Each structure stands twice: as C-alpha cells, then as structure tokens.
Amino acid sequence: MNVVRTVAELRTALPREGVGFVPTMGYLHAGHLALVERARAENPFVAVSIFVNPLQFGPGEDYHRYPRDLERDQALLREAGVDLLFAPSVEEMYPKGFSTRSLLVGPGRAYFGEKDYQQLLVIRKMVRDLGFPIEVVGVPTVREEDGLALSSRNVYLSPETRKKATVLYRALSAMREVAQGGGSVAEALRAGEAVLAEVPEFKKDYLALVHPETLLPLSDWVKGARGIVAGRFPEVRLIDNLEVHP
C-alpha cells in the first residue's frame with residue numbers, strides 16, 4: 001500500500017481511471033471496511049483517505065479528542081488490500097487562502113456509508129451540481145448485533161451508556177413497525193418518541209420522518225421515507241437513520 005501525504009504526491013500516484021475512493025476520518029471499524037470491501041469488488045484500484053476535517057466539527061464539538069490511530073488504521077487497510085492511502089495534514093488540505101476542497105482523488109466511484117445519510121445527500125448534490133464524472137455509492141449501515149450503528153465515536157461510551165445507546169435504533173425500528181402495520185406518519189413518530197422517553201439520559205436533538213431526497217418532514221408516506229434521529233448522551237453525540245415506510 002502506497003502512503004502519500006501531499007496533494008502533489010496523490011496526483012502522481014493515482015491511475016487515470018478505475019479508482020474507487022473511500023473517504024474517512026480514521027479510527028476505522030467494520031463499517032469503514034465494508035466500504036473498502038465494496039470498492040475492492042467494483043474497482044481495479046482502491047484509494048482511502050484519512051483526514052480528521054476540522055470543518056466537519058461545530059463549536060464545542062470533539063475535534064481535538066476525536067480518536068486517532070494512524071498506525072492501526074494503516075495495518076487494517078493493508079490487510080483489506082487497499083492500494084493507496086492519502087493521509088494529509090490540515091495545512092496540506094487547507095493552505096493559506098483556501099477554505100474548502102473538492103474530491104481531490106477524482107475517482108470513478110466514491111463510497112459513503114448511509115449512517116451519515118445527510119452527508120451522503122450533500123455529496124450527491126455537490127457532484128451533480130458541479131458536474132463531476134463520479135458515481136457516489138451509498139453503502140448500508142453496519143450495526144452491532146443489538147442494532148447500534150458502528151461509529152468511531154462509540155469508543156467514548158461507558159459500558160452502561162453503551163447498553164442504552166441502542167435506543168436510537170429501537171426508536172427507528174418502532175417507527176418502521178408502525179409504518180409496516182399500516183399506521184400513519186404521526187403514529188409512527190409517537191411510537192419513536194415513546195421509545196426515546198424510556199432513556200432520559202439521551203437528550204434528543206431531533207427525531208423525524210423525512211423525504212429520502214430532500215430531507216423535508218413528511219405528513220404522508222412516500223417510498224423510501226427515512227427516519228432520522230440525533231442526540232447526545234453525556235459522553236458523545238450519536239446519529240442514526242433507517243428506511244421507514246409501509
């Protein structure tokens with residue numbers, strides 16, 4: 001596996017076509033490796049980036065304590081058959097005068113997990129609006145046996161909170177059960193809220209049923225409707241989503 005740290009090295013190392021790209025913030029888990037596996041199956045060359053992007057963190061969020069272990073991640077990626085790892089510094093990605101970067105890898109396909117569903121839609125819109133010749137591939141969320149969505153931030157959870165963190169998936173599942181039983185959007189939302197209320201330590205930011213492309217709240221069911229939930233335990237903020245419709 002070739003490891004490069006600058007944009008100039010990256011452009012020299014990449015082939016002109018046939019690249020599958022998996023962008024990550026590192027501290028890899030089985031969800032990331034599922035993206036790599038999909039990219040490996042569909043492309044002759046696989047590139048992965050590891051970059052903890054400060055622009056993805058709001059004021060007071062966990063940028064400085066976000067888990068990092070590049071040596072561990074490199075070993076996982078080598079074992080997974082990755083061809084190239086791009087691991088730039090903040091200064092490399094955002095030199096003086098720059099405030100943003102597009103998809104520097106310029107792949108044929110880019111792979112994103114559906115757990116960060118809002119991000120997936122934003123990337124798809126950016127690629128479409130800017131006319132990039134890139135296929136954006138969404139890969140289903142990888143979960144623990146009890147339903148908790150895999151996340152690098154799960155490492156923050158205490159054993160006690162870890163058990164309670166399944167409330168996000170349980171709330172979404174309750175909404176899906178109501179939908180599949182013929183209930184209304186309002187009834188599904190009430191079912192989800194009831195489950196969240198069982199865990200008062202979870203401070204909800206939002207629980208909603210939204211259109212799968214616009215993320216606008218729904219009053220009636222549409223195909224592909226998405227249940228989305230976010231909130232905070234004392235240790236960490238968690239998000240999740242699930243397709244929820246009759």
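Please read these numbers as outputs of a predicted model, since none were measured by experiment. Along the sequence shown, residues carry numbers from 1.
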Nearest 0.5 Å, what's the [atom1]-[atom2] distance between [X] and [Y]?
{"X": "Glu135", "Y": "Arg109", "atom1": "CD", "atom2": "CZ", "result": "5.0 Å"}
{"X": "Leu120", "Y": "Tyr117", "atom1": "CG", "atom2": "OH", "result": "7.0 Å"}
{"X": "Leu14", "Y": "Leu84", "atom1": "CG", "atom2": "CG", "result": "5.5 Å"}
{"X": "Asn154", "Y": "Thr161", "atom1": "CG", "atom2": "OG1", "result": "11.5 Å"}
{"X": "Arg176", "Y": "Tyr169", "atom1": "CZ", "atom2": "OH", "result": "5.0 Å"}
{"X": "Asn43", "Y": "Tyr111", "atom1": "CG", "atom2": "OH", "result": "4.0 Å"}

> Does the side-chain contact (heavy atoms from CB on, under 4.5 Å) test come out yes or no for Trp221 and Leu209, once each step is laid out?
Replying inline: CA-CA 9 Å; Trp221 294 114; Leu209 284 162; 3.8 Å; yes
Out of curiosity, does [Y] fall in the hydrophobic cluster containing [X] (side-chain heavy atoms, cut-off under 4.5 Å, transitive links)?
{"X": "Leu242", "Y": "Val167", "value": "yes"}
{"X": "Val48", "Y": "Leu70", "value": "yes"}
{"X": "Val244", "Y": "Val178", "value": "no"}
{"X": "Val46", "Y": "Leu76", "value": "yes"}

Quick one: does any side-chain atom of [X] pair with a main-chain N or O of [Y] as donor and acceptor, under 3.5 Å?
{"X": "Asp69", "Y": "Arg72", "result": "yes"}
{"X": "Arg162", "Y": "Thr166", "result": "no"}
{"X": "Asp73", "Y": "Leu28", "result": "yes"}
{"X": "Glu187", "Y": "Ser184", "result": "yes"}
{"X": "Asp83", "Y": "Ala47", "result": "no"}
{"X": "Lys115", "Y": "Phe112", "result": "no"}

>> Parallel, tilted or perpendicular, judged at 30° and 60°: which one describes the rings of Phe233 and Phe202?
In response: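 It falls in the tilted class, 30° to 60°.
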Within-4.5 Å side-chain heavy-atom neighbours: [X] and [Y]:
{"X": "Met1", "Y": "Gln74", "value": "yes"}
{"X": "Leu215", "Y": "Gln118", "value": "yes"}
{"X": "Val155", "Y": "His29", "value": "no"}

> Only one of Tyr27, Phe57, Phe51 clears ring pair (Phe, Tyr, Trp, His ring centres under 6.0 Å) with Tyr66; which?
Replying inline: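 Looking at Tyr27, Phe57, Phe51, the match for Tyr66 under the ring pair (Phe, Tyr, Trp, His ring centres under 6.0 Å) is Phe57.
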> Are Glu213 and Leu121 close enough, and set up right, to give a side-chain contact (heavy atoms from CB on, under 4.5 Å), and what steps lead you there?
Replying inline: CA-CA 7 Å; Glu213 296 178 5; Leu121 293 189; 5.6 Å; no
> Are any of the side-chain nitrogens in Glu9 or Arg5 under 4.0 Å away from the carboxylate oxygens of its partner?
Replying inline: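 Not counted as a salt bridge, because no side-chain N and carboxylate O are separated by less than 4.0 Å.
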> In terms of side-chain geometry, is the basic nitrogen of Glu193 or Lys204 positioned less than 4.0 Å from the acidic oxygen of its partner?
Replying inline: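 Looking at Glu193 and Lys204, the cut-off is met.
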> Are more than 12 heavy atoms from other residues, nucleotides or ligands located less than 6.0 Å from atom CD of Glu61?
Replying inline: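 Yes, because the 6.0 Å sphere around CD of Glu61 holds more than 12 heavy atoms from other groups.
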> Do the numbers put Arg153 on top of the ring of Tyr63, so that NZ or CZ is under 6.0 Å from the six-membered ring centre and no more than 45° off the axis?
Replying inline: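 Relative to the ring axis of Tyr63, which defines the angle, Arg153 lies outside at least one limit.
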>> Show the nearest heavy-atom pair for residues Leu150 and Gly31, with the distance to one decimal.
In response: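 Closest approach of Leu150 to Gly31: CD1-N, 3.6 Å.
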